[in-house]
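Comments concern the structure below.
Heads up: numbering here begins at 1 and tracks the sequence.
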Amino acid sequence: MDEIEVPSYFICPISLEMMKDPVTISTGITYDRENIEKWIFSAKNSTCPATKQPLTDIELTPNVILRRLIQSWCTLNASHGIERFPTPRPPVNKPQIIKLLKEAKSPDMQMKSLKTLRSIASENDANKRCMESAGATEFLASIINNSNEVSNEESFTSTKDEALSILYQLKLSEHGLRSLITNGNGEFITSLTHIMQWGSYESRAYAVMLMKKMFEAFTPTLSLSLKQEFFTQVVQVLRDEISQKATKASLQVLVHACSFGRNKVKAAEAGAIRVLVDLLLDSSEKRACELMLVLLDQICQNAEGRAELLNHPGGLAIVSKKILRVSKVASERAIKILHSISKFSATPSVVQEMLSLGVVAKLCLVLQVDCGSKAKDRAREILKFHAKAWRSSPCIPMNLLSSYTF
């Protein structure tokens with residue numbers, strides 16, 4: 001390659017490398033398929049890299065003439081160490097996907113067709129978008145929705161498991177996610193709730209991870225109509241610790257859902273507080289701990305949540321333990337939880353429990369280290385709330401008592 005000059009029109013404008021599978025986009029510019037697919041699908045760009053013009057569609061048209069020219073040039077320069085690359089396999093197209101979807105409607109062909117669709121989706125992001133535009137989202141959802149007719153293990157077959165895994169693998173666009181939410185008046189959420197209750201461990205994980213994607217795009221739309229059973233099943237997935245991905249997805253789903261008032265009560269009634277405290281006891285992973293404390297903070301903004309936390313033998317101790325041990329975010333949330341308890345639920349026994357568990361000592365430490373102004377302000381307020389009860393405590397340093405007026 002160093003001894004000869006590659007013709008400029010063989011070079012991909014994005015990577016400045018020789019093209020192997022040239023394709024032309026809607027602006028008329030030709031790129032290497034792999035590079036332009038990364039630009040459009042992975043980087044989610046909607047303009048032409050060279051002209052900056054918006055793309056009217058995402059269809060990539062093979063530039064057969066240029067590809068043959070490049071292959072011929074490689075053959076002519078074989079003596080310079082240039083290898084002729086093979087003709088790439090034609091990409092999947094919309095008619096092919098429509099044909100597979102039609103075949104999948106036949107019970108005898110359904111599983112075979114679904115496996116073919118899964119294989120196609122796993123190849124690249126372009127195939128995923130092609131499948132979505134051909135109607136795969138709606139078809140796969142219809143298979144999953146059939147599980148609503150019977151609410152037990154027998155209603156879950158391998159075809160439903162396969163359909164769910166493909167649907168998750170598609171990494172749906174915002175339009176695709178919206179179609180799952182709007183079609184059937186919430187039927188798909190009900191379907192995912194059933195899967196979390198009766199499905200296999202793998203399907204339950206896919207269900208909650210797909211739900212996370214839906215919440216990331218449409219939190220308000222989803223959160224306003226969630227039933228108690230939804231919270232019960234998400235909390236159960238959290239309790240079962242199916243996988244790290246499923247645990248994080250469950251936490252994120254609940255965080256999104258509990259951004260709306262009544263849902264905080266539903267999460268508390270589903271047993272979320274006890275599960276979160278138990279998980280916090282053994283968790284050391286930063287992001288997971290942060291999510292747990294964010295969720296605890298949300299639920300403890302209601303009396304039901306605070307009562308559940310105080311009823312847990314280790315609730316206050318575990319929350320206090322995470323202060324200054326995980327991250328700034330975790331410390332701020334843990335202190336905010338203690339602030340809610342102190343302000344709204346601090347009976348004499350709770351105040352004494354906080355003292356005996358070392359919560360007061362931890363709050364005093366917060367005032368002396370760099371952990372954020374909001375955290376310090378809340379710590380001061382907590383100490384003010386119960387100054388009379390804690391003034392004589394040996395855990396409060398004398399220098400703090402002399403320099404800070406409660």
Validation: residues 52-59 side-chain donor-acceptor distances under 3.5 Å, sequence neighbours left out:
unit_1: Lys52; atom_1: NZ; unit_2: Pro49; atom_2: O; d: 3.1
unit_1: Asp57; atom_1: OD1; unit_2: Glu59; atom_2: N; d: 3.0

- Quick one: do the Gln301 and Ser340 side chains pair a donor with an acceptor below 3.5 Å? no
- Query: Do the side chain of Gln368 and the main chain of Cys364 share a donor and acceptor less than 3.5 angstrom apart?
  - Reply: yes
- Taken to the nearest 0.5 Å, the spacing of Lys227 NZ from Thr190 OG1 works out to 5.0 Å
- Counting distance only, does the side-chain N/O of Lys376 pair as donor-acceptor with the main-chain N or O of Val369 below 3.5 Å? yes
- Query: Can any side-chain N or O of Asn127 pair as donor or acceptor with the backbone N or O of Ile120 at less than 3.5 Å?
  - Reply: yes
- Item | Sequence neighbours excluded - ring pair (Phe, Tyr, Trp, His ring centres under 6.0 Å) pairs with any residue from residues 290-341 | His339-Phe385
- Starting from the C-alpha separation in whole Å, work towards a yes-or-no answer on side-chain hydrogen bond (donor to acceptor under 3.5 Å, both in side chains) for Thr87 and Gln71. CA-CA 8 Å; Thr87 300; Gln71 289 176 323; 3.2 Å; yes
- For Leu16, the side chain to side chain contact (heavy atoms under 4.5 Å, CB included) test, sequence neighbours excluded, returns Ile11
- Message: Please verify the inter-ring angle class for Trp73 with Phe10; under 30° counts as parallel, over 60° as perpendicular, anything in between as tilted.
- Response: perpendicular
- Does Trp198 have its ring centroid less than 6.0 Å away from the ring centroid of His194? no
- Calculate, to the nearest 0.5 Å, the distance between atoms CG and CD1 belonging to Asp21 and Ile36 respectively. 12.5 Å
- Query: Once you round to the nearest 0.5 Å, how far does CG of Asp161 lie from CD1 of Ile144?
  - Reply: 9.5 Å
- Message: Looking at Tyr9, I'd like to know if its OH atom is crowded, meaning that more than 12 non-hydrogen atoms belonging to other residues, nucleotides or ligands lie closer than 6.0 Å.
- Response: no
- Residue Glu138 excluded, over 12 heavy atoms near CD under 6.0 Å: yes
- Item | Side-chain donor/acceptor of Gln228 to backbone N/O of Lys266, under 3.5 Å | yes
- Has the side chain of Ser119 got a donor or acceptor atom that lies under 3.5 Å from a matching backbone atom of Lys115? no
- Task: Carefully, step by step, assess Thr30 and Thr24 under the rule side-chain hydrogen bond (donor to acceptor under 3.5 Å, both in side chains).
- Result: CA-CA 4 Å; Thr30 297; Thr24 303; 2.9 Å; yes
- Message: Under a plain distance cut-off of 3.5 Å, with no hydrogens placed, do Ser203 and Ser200 share a side-chain donor-acceptor pair?
- Response: yes
- Task: State, to 0.1 Å, how close Arg84 and Cys74 come at their nearest heavy-atom pair, and which atoms those are.
- Result: CA-CB, 3.8 Å
